[in-house]
Amino acid sequence: MTGHLVLKNGIVFDPMNGVEGEAMDICVSNGKIVEKAPNNAKVIDLKGNMVMAGGVDPHSHILGSKLNVARVTSPEVNRHHPYPATSKTRSGVAGIIPSSYATGFLYSTMGYTTVIEPALPATKALGAWEEIDDIPGLDIGMLPLFCNSMISFKYIEDDDISGLAAYIAWTLKKVGGLGVKVVNPGGTYAWAYGKNVCGLDDEVPEWDVTPRTIMTGLANAVQELGLPHQMHFHPNNLGKPGNVYTTMQQLDTLKGTKPSGKKKEVVHLTHMAFDCLGVVEEGMANWKDVASGGLIFADYYNKNTHFTTDLGQITFGQSMTMTGDGPFQHSLYLLTGGKAKWSNIPVDVELPGGAGIVPFTFEPKSPANAVQWVGSLEFALSIKDLWRFFLSTDHPNGGPFLKYPLLISWLMSKKQREYWLEKVHKFASERSTLAEIEREYSLNDIAITTRAAPAKILGVERTKGHLGIGADADIAVYGFNPEKTDLANNPDLILKYFTQTKFTFKGGQQVSKNGIVGKQLSSRVISVHPELNEDLSKRIDSELEDMMGRWFSHSFSNYPVPMRYRQHLEMPTVIDSTAIQA
Amino acid sequence: MTEVKDIFKDVPCTFCGCLCDDIIIEVDGNRIIKNTNGCAISKERFLGHAENRCLKPTVNGKSVPLEKAVERAVEIIASSKRLLIYGLSSTENDAQREAYRLAELTGGVVDNTTSVCHGPTILGAQESGEATAALAEVRHRSDLVIYWGANPAAAHPRHIPHYIRQPGEYIKDPKKDRQIWLVDVRTTTTSRMVDRFIRIEPGTDLEVIQTLRALIRGNKLDVSEVGGISIADLEKMATSMKTAKYGVLFFGLGLTQSYGRHRNIDAALRLIQDLNAYTKWGLMPMRGHYNVSGANKTSTWVTGYPYAVDFARGYPRFQPGEYTAVDMLARGDADALLNIAADPVAHFPREAVAYLAKIPVINIDPKINMTSKIAEVNIPAAIAGIECDGAATRMDGLPLYLRKVIDPPEGVIPDRDILRMMIKSLEKVIK
């Protein structure tokens, strides 16, 4: 194992440190980036190849019961995509929902080193930790769901933000979570009654809470705790034409949440491609009249700075939709005329939860799919501040993470967009302005939206998303010289270079070279442990024992994930939340 | 451990898929003396844990040290061309994960007991998807519970008393506010416990389900009865199902392994999907072995597939009927068997067992079973959830941490450690 390393003559893009395409050397010692490596360091000459920090993906469904249900019910999507074992690495399958080992390896070969599973049912966390043991080469975080839990509702109903914050703190510690995920607040609960919610003030069955009080309550609790990552938000009305307006209403509602720290943003709106559909002028809110909501939402984004967002780009071809939004998934199943394989997972104690899974193929010739495709691209090419934004496909919803190079090519190359606009249904051109947009992302823009910004949005920017002194030595070297390569006019090169790095280093160790993983490195888990004061801590212990005792089907003491499954993986960040009064 | 020295609370019971985790176990010295809250089977499993044990590793019936037994097992594995690894549903997840590693290393096949129980359930779900249920949600909300081809009173004794006939947040009186039905071909212990028993003719499950689907959709049928039930009664059933607030269908091997098999499940899944257009319904297979759900889960994340996985080409392939244990043995495809925590000789069809007698068998199990009798190598294992810890998955997908409440017999180690020894020594042989 090499503890020390010098990467010489790379052309570096490190926007967090203001480095934009400079030739420089990077020194690594004991897993960290350092000023100067010892004399015995291994030297690799990068010969002008492009260097970025390891990619950071804060929204990718890479583990958990929903993914396993999808793998079980749809073996056909992986059947033709074997991932053979080598003497150093395990085997698997590598279709749109790869198996665990393959997931880690595929991310490594693409130059990604940090990935967040954005929907963890906390009661099933033990299984998630076991699974992470079999996903190599990454730093992984998990966002437990809090939005449709009867426990959250009880505190929100009582307007007890301390209690809500304490419940979140308790859960993050007991299961090793990184932040708070909210999915269709109130709607997934209503799904236990076969219902959904759509308005901010809709009633939620049995409880005196509304989508408005749930989302504001949770956003406030996250700020009270001072969590590094703001509330991670999948809004109501996902996937409904015209929902760009209700999404903006929901974001407006969260403007009242006061940031507790330096960070201004109080909510992360995730997979905007699914949340920001417009309708044609005088049209109805249905798929026939769907139009791009990209420009409308870009305008809102440019004017409002209290939120961050990611793309959730659809990429065409087979995908696997899976969300904690049970009623949405059922509506998608109905949209296929009841032909699709629809799965639904209620979750004990997310009480009720309700993830849904529907295999779905996005067709270039489908008018609705073409419009959804174009809307998010229009958005990405129309926003000013890239630091509040990152690239995603909401893997595997909009398409697998393996399609990131394709997404990058759409953003970097007008030529590539023109080619695709020809391929897809004409509504993409007629119902958006994409054809007229000249902007092309630079490599620096790509470095911002795939590393630096997502690290900041997650609140892990001290060690992730950059190549400054003290950062984790997570480094991606791409096999081209940016000064000599015209990517915008050769989009196929974008696909080639971004699909496979020349080298990927994780914590200073070389994990892959030219697409071959040579080292099966154990992953680590990044989590946040908020410390409460003694009074609040005592209070939450007894209140949760009472509620979980009544509402769970298993014993209270069997809820936490035992240390035996965590201690070899977890790197918890302890934060001080003792100021919250009991 | 958080427990007082000799009393262990909230212990999950490692017998059936209910994985009841409210068991209190009292230990005196190296003996379990009391099991509180467990069913009769659970009590037998804990209190009788020391009975009928395989205590020493054997090769050809002769006691040998563990290392020797492992050495012989590795010889068998290394010289086999087509190793079959089978069982895994009555052990914990770590052992399963080691078994996949071993299968990959040897280019063998790994299958779990799903292939002889709810295998068709998975095939049905591959056709249609699966609208599942969860036990807490059922307790809090369901006003209509249907068991179909299942006999929980015998096979899952606490399923009804612990999870179903309990008050929930929105079902205050589980006797009045919740109806329990049973659909089966004969009277059973369960049929005497339920509110309504619907007896259908054997082999007509598929027809009865499809009839219910048609009636729920409002179609008129020009027959007077299906499966021995009058159309008028079936119409009433359909109406009750459509008007229930929250329904759940629990089904057993009577639906899965009877005439129609995966087609029955496909139809049942579609029935539940249809009902969700009117109200809320889910379904759940009554998984038998305590960790057969876990075997599917671990196999799925590691290999992509839930059972019947072949590594002959260096990567996982899935093919039930081809890589399922019974089929491989009946066809004579495997040339060695590594059996872990299952008893194929007791449960497999005659052709499969007859073939087993002809090939070397390595058997890892805590107890002496039928397979021990024909195995060339027997290696005793600690009982997961009693003598070693681990994780397992309840029938509704909930993972639970299993406890060690007592030491295993001297020299006896967990399945996972035995498998790790084999892998380690095999890696040397291969290199």
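Numbered from 1 within each chain, the chains take letters A, B, ... in sequence-line order. The figures here come from the full heavy-atom set of this structure, side chains too, leaving out hydrogens, waters and symmetry mates.
With respect to chain A, the highest number of heavy-atom pairs below 4.5 Å among L400(B), D22(B), I272(B) belongs to L400(B). Heavy-atom pairs under 4.5 Å with chain A were tallied for G129(B), G124(B), P167(B); the largest tally goes to G129(B).
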Legend entry - side-chain contact (heavy atoms from CB on, under 4.5 Å) evaluation trace for W301(B) with I135(A): CA-CA 9 Å; W301(B) 84 56; I135(A) 305 175; over 6 Å; no

Legend entry - Derivation and outcome, side-chain contact (heavy atoms from CB on, under 4.5 Å), residues E206(A) and E169(B): CA-CA 10 Å; E206(A) 309 281 359; E169(B) 193 62 19; over 6 Å; no

Inset, instruction - Would you please test R79(A) and Q319(B) for side-chain contact (heavy atoms from CB on, under 4.5 Å) and show each step? - result: CA-CA 10 Å; R79(A) 187 183 173 88; Q319(B) 196 58 267; 3.5 Å; yes

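Under the 3.5 Å distance criterion, the side-chain polar atoms of S555(A) are matched with a main-chain donor or acceptor of D21(B). Judged by distance alone, with hydrogens and angles left aside, the side-chain atoms of K341(A) form no donor-acceptor pair with the main-chain N or O of A125(B) at under 3.5 Å. Without hydrogens or angle criteria, T73(A) side chain to Q126(B) main chain gives no donor-acceptor distance under 3.5 Å.
Here the straight-line distance linking atom CD of E137(B) with atom OG of S553(A) works out to 10.5 Å at 0.5 Å rounding. Between atom CG of residue N558(A) and atom NZ of residue K9(B) there is a gap of 13.0 Å, rounded to the nearest 0.5 Å. Interatomic distance, OH of Y565(A) versus CG of D389(B), reported as 5.5 Å (0.5 Å rounding).
Heavy atoms closer than 4.5 Å to chain A are found in both the backbone and the side chain of Y401(B). Using a 4.5 Å cut-off between heavy atoms, S128(B) touches chain A through its backbone atoms (N, CA, C, O) alone. Of the two parts of E127(B), only the backbone, made up of N, CA, C and O, holds a non-hydrogen atom closer than 4.5 Å to a non-hydrogen atom of chain A. Contacts between F318(B) and chain A at a heavy-atom distance below 4.5 Å involve backbone atoms as well as side-chain atoms. Heavy atoms closer than 4.5 Å to chain A are found in the side chain of R270(B), but not in its backbone. Proximity to chain A involves both the backbone and the side chain of E130(B), based on heavy atoms less than 4.5 angstrom apart. With a threshold of 4.5 angstrom between heavy atoms, F556(A) does not approach chain B through any atom at all. When heavy atoms are compared at a cutoff of 4.5 Å, E104(B) approaches chain A solely by way of its side chain, counted from C-beta outward. For I122(B), the part lying near chain A is the side chain, with the backbone staying farther off; criterion is any non-hydrogen pair under 4.5 Å.
Remark: H330(A) pairs with no residue by the side chain to side chain donor-acceptor pair (under 3.5 Å) rule, at least two apart or across chains. Remark: N37(B) pairs with no residue by the side chain to side chain donor-acceptor pair (under 3.5 Å) rule, at least two apart or across chains.
Of all the heavy atoms in S91(A) and G314(B), the pair that sits closest is CB-O, 3.4 Å. Pairing each heavy atom of Y189(A) with each of R141(B), the nearest pair is OH-NH2, 3.1 Å. Taking every heavy atom of both residues into account, D396(B) and K124(A) meet most closely at O-NZ, 4.4 Å.
Sorted by first and then second residue, the salt bridge (Lys or Arg N to Asp or Glu O under 4.0 Å) pairs involving residues 296-306 of chain B (not counting sequence neighbours) form an empty list.
Contacts between residues 278-285 of chain B and chain A, counted as heavy-atom pairs separated by less than 4.5 Å, involve K280(B).
A cation-pi contact, defined as under 6.0 Å to the ring centre and within 45° of the axis, is absent between R90(A) and F311(B).
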